[in-house]
Amino acid sequence: MSNNIVPVISATGLFTPAQSISNEELVSSFNQYVDNFNAKNNKDIASGKIQPLVHSSVEFIEKASGIKSRYVLDKENIINPDIMCPLIPERSNDEISISAEIGVNAAKMALERAARDIKDVDALLCACSNLQRAYPAVAVEIQQALGMENGFAFDMNVACSSATFAIQTAADFIRSGSAKSVLVVNPEITSGHLNWRDRDSHFIFGDVATAILVEAKDIAPEDHWEILGTKLITQFSNNIRNNFGFLNRTHPETMDAPDKLFVQEGRKVFKEVVPMVSAMIGQHIGEHGLNGDNLRRLWLHQANAGMNRLIAHKVLGHEANSDESPTILDSYANTSSAGSIIAFHKHHEDLAKGDIGLICSFGAGYSAGSVIVKKAA
Ligand code: COA
């Protein structure tokens, strides 16, 4: 047994798309779409056959979610009121796929920051909500694109919790001795599964890719984060769901139905997930003999600023400031599994040796993952 091997986070990487859509731009395009729809359907609306669509609002979005803008891969088509979705040209099988490409970008940054040669990486996990195809695994494509000659790669999807579930998987590989260096990659092209015509959710998501290099402590760079413990939970719920899949074509009449995109009962998610996650974190830190006072920083899943305020308050025992629970939601929006990793990536370098923090994600499933880390140097 080699279960005294300590897994650590050696480095993280981030790819941010060049284009960003502000709430003002998003709402202006959405409202134009609403006006066009209502004008086109004015007779059916007047007769009561169909309901008119209603405008969205910048004030609502910021107040309800904390989101001010989001990065995307194709701004022009998303904010075109006649299109309202990204149009990403299909690539030939000889070209790298777009998911793999942005994943490779984030992965290269993590490898560079750890000064790790890709040839010494044993395993690669592509963990995200938004896998662009069934197979071959995007992870294997990233493995080849990076020049990783040995080892294995596979895809995994636990929705917004994919990154923390992959960190535990990587840490378990390392503890068991089946790998020493595991690259976790989270390419999240969320704009492809968001219904940009749905007033309740059109503002929620953004595109990004993150990467996390999880390694055995004895090979890690001096400046790393020890993984003190991981905890994962799941509990079935239909409140966040996306029925898109390759069985859709067996029901051609429903192929384009709105439930083949992201749908949620946002209010219910808020109410049910906040207590579930607060309890999980409390239990997890308790299992490690820790309490809220021992946590220097929380890097929480970035879905809603209000949810994070409540969870952080419950865990820390007081209202958290932006130093204790940083947010990246304002500029990135919800980036699914990547959110807590972006928060960690951008807000960890100022911490001191011995500081303890917690990375936590939560989302569809329901699923939630918690990772307790300690700064080593
Ligand atoms: N612009 C203006 N008003 C809007 C609007 C929009 N785009 N969307 C909804 N509203 C209105 C609603 O019609 C409703 O009006 P009413 O009170 O007259 O009925 C009101 O705003 C409140 O809507 P509600 O959907 O209850 O808002 P909310 O405060 O719950 O905020 C979310 C919505 C989605 C931001 C919030 O519920 C949330 O973030 N939940 C958690 C989601 C989550 O974590 N999901 C995980 C995804 S991975």
Side-chain angles (χ1 to χ4, degrees), residues 9 12-17 20-24 26 58-72 106 129 159-164 167 186 188 190 194 201-210 212 225 240 264 266 269-271 273-278 280-281 292 295-351 355-363 368-373:
I9 293 178
T12 53
L14 171 67
F15 165 79
T16 302
S20 165
I21 302 175
S22 68
N23 284 346
E24 288 74 12
L26 186 77
V58 170
E59 296 70 34
F60 169 83
I61 294 171
E62 196 177 330
K63 190 159 176 279
S65 69
I67 296 165
K68 294 182 186 161
S69 59
R70 69 284 296 139
Y71 292 97
V72 291
S129 291
C160 290
S161 298
S162 298
T164 52
I167 291 174
N186 325 102
E188 291 286 15
T190 65
L194 180 57
S201 64
H202 76 114
F203 53 88
I204 288 181
F205 287 110
D207 298 335
V208 81
T210 50
I212 313 134
W225 288 80
I240 315 168
Q264 73 166 357
V269 174
F270 196 114
K271 274 196 183 151
V273 169
V274 167
M276 180 180 119
V277 170
S278 311
M280 177 189 73
I281 297 176
L295 297 179
R296 173 66 186 81
R297 187 163 291 164
L298 300 173
W299 298 280
L300 296 178
H301 177 50
Q302 305 283 318
N304 179 292
M307 280 173 107
N308 285 7
R309 251 193 315 277
L310 291 171
I311 293 169
H313 194 292
K314 186 91 184 143
V315 171
L316 301 177
H318 61 261
E319 182 85 13
N321 58 37
S322 60
D323 181 65
E324 293 168 315
S325 176
T327 181
I328 53 88
L329 198 56
D330 49 349
S331 52
Y332 282 84
N334 183 342
T335 48
S336 197
S337 69
S340 56
I341 307 304
I342 305 173
F344 177 81
H345 178 86
K346 288 189 168 276
H347 300 281
H348 73 264
E349 277 171 1
D350 57 316
L351 266 52
D355 278 345
I356 294 175
L358 184 134
I359 301 170
C360 179
S361 64
F362 39 88
S370 162
V371 181
I372 305 174
V373 290

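All values below come from the heavy atoms of this structure, side chains included, with hydrogens, waters and symmetry mates left out.
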Seminar exercise, completed: What one should report as the nearest heavy-atom pair of Val208 and Ala338 is CG1-CB, 3.4 Å
Problem set entry | Side chain proximity check, Ser336 to Cys160, heavy atoms < 4.5 angstrom | yes
Seminar exercise, completed: Residues passing the ring pair (Phe, Tyr, Trp, His ring centres under 6.0 Å) test with His202, sequence neighbours excluded, are Phe30
For this session: Describe, in one word, how the ring planes of His348 and Phe344 are oriented to each other, choosing from parallel (under 30°), tilted (30 to 60°) and perpendicular (over 60°).
Result: parallel
Problem set entry | Of Glu62, Glu59, Arg70, the residue whose pairing with Asn23 passes side-chain hydrogen bond (donor to acceptor under 3.5 Å, both in side chains) | Arg70
Problem set entry | Pairwise distance NZ(Lys271) to CG(Leu310) - rounded to 0.5 angstrom | 12.5 Å
For this session: Using side-chain contact (heavy atoms from CB on, under 4.5 Å) as the criterion, list what pairs up with Ser69, not counting sequence neighbours.
Result: Ser20, Ser331
Exercise. Does Ile328 reach the side chain of His347, with side-chain heavy atoms less than 4.5 Å apart?
Worked result: yes
Exercise. So, do Val373 and Val371 sit near enough that their side-chain heavy atoms are less than 4.5 Å apart?
Worked result: yes
Seminar exercise, completed: d(Ile9 CD1, Ile341 CD1) to nearest 0.5 Å is 6.5 Å
Problem set entry | Taking every non-hydrogen atom, the tightest pair across Gly206 and Thr335 | O-CG2, 3.6 Å
For this session: Hey, could you give me each pair passing ring pair (Phe, Tyr, Trp, His ring centres under 6.0 Å) that has a residue in residues 311-338? Not counting sequence neighbours.
Result: Tyr71-Tyr332
Problem set entry | Gap between atom CZ of Phe362 and atom CE of Met280 - 0.5 Å precision | 9.0 Å
Problem set entry | side-chain hydrogen bond (donor to acceptor under 3.5 Å, both in side chains) partners for Ser325, two or more places apart | none
Seminar exercise, completed: Distance col, row Asn186:CG vs Ile212:CD1, nearest 0.5 angstrom, shows 4.5 Å
Exercise. Looking only at heavy atoms, what is the nearest atom pair of Gly369 and Thr164, with distance?
Worked result: CA-OG1, 3.4 Å
Problem set entry | Sequence-distant partners of Ser65, side-chain hydrogen bond (donor to acceptor under 3.5 Å, both in side chains), two or more places apart | none
For this session: Provide the closest heavy-atom pair for Leu298 versus Pro326 in the form atom of the first, atom of the second, distance.
Result: O-CD, 3.3 Å
For this session: Go through the side-chain N and O atoms of Ser201 and Gln264 and say whether any donor and acceptor fall under 3.5 Å apart.
Result: no
Exercise. When rounded to the nearest 0.5 angstrom, what is the spacing between OG1 in Thr190 and CG in Asp207?
Worked result: 4.5 Å
For this session: Under the salt bridge (charged side-chain N to carboxylate O under 4.0 Å, His left out) rule, collect the residues that match up with Glu349, sequence neighbours excluded.
Result: Arg113
For this session: Evaluate the side-chain proximity of Leu358 to Val315: yes if any heavy-atom separation is below 4.5 Å, no if none is.
Result: no
Exercise. If you look at every heavy atom in Ala333 and Ile204, which pair is closest and at what distance?
Worked result: CB-O, 3.2 Å
Seminar exercise, completed: Residue set satisfying side-chain hydrogen bond (donor to acceptor under 3.5 Å, both in side chains) with Ser161, at least two apart, ordered chain then number -> Ser367
Seminar exercise, completed: Rounding to 0.5 Å, atoms NZ (Lys346) and OG1 (Thr12) come to a distance of 10.5 Å
Problem set entry | Where at least one partner belongs to residues 297-309, residue pairs that pass side-chain hydrogen bond (donor to acceptor under 3.5 Å, both in side chains), sequence neighbours excluded | Arg297-Asp323, Arg297-Asp350, Gln302-Thr327
Problem set entry | Residues that Asp330 engages under side-chain contact (heavy atoms from CB on, under 4.5 Å), provided they are two or more places apart | Lys68
Seminar exercise, completed: Ser340 meets the side-chain contact (heavy atoms from CB on, under 4.5 Å) criterion, sequence neighbours left out, with Ile359, Ser361
For this session: Please name all residues satisfying side-chain contact (heavy atoms from CB on, under 4.5 Å) with Ala159, sequence neighbours left out, ordered by chain then number.
Result: Ser129, Asn157, Ala364
For this session: List for me each residue that meets side-chain hydrogen bond (donor to acceptor under 3.5 Å, both in side chains) alongside Ser278, sequence neighbours excluded, and say none if there are none.
Result: none
For this session: Determine, step by step, whether Met307 and Val273 satisfy the side-chain contact (heavy atoms from CB on, under 4.5 Å) criterion, reporting the C-alpha distance in whole Å, the side-chain angles of both residues, the deciding distance to 0.1 Å, and the verdict.
Result: CA-CA 9 Å; Met307 280 173 107; Val273 169; 3.9 Å; yes
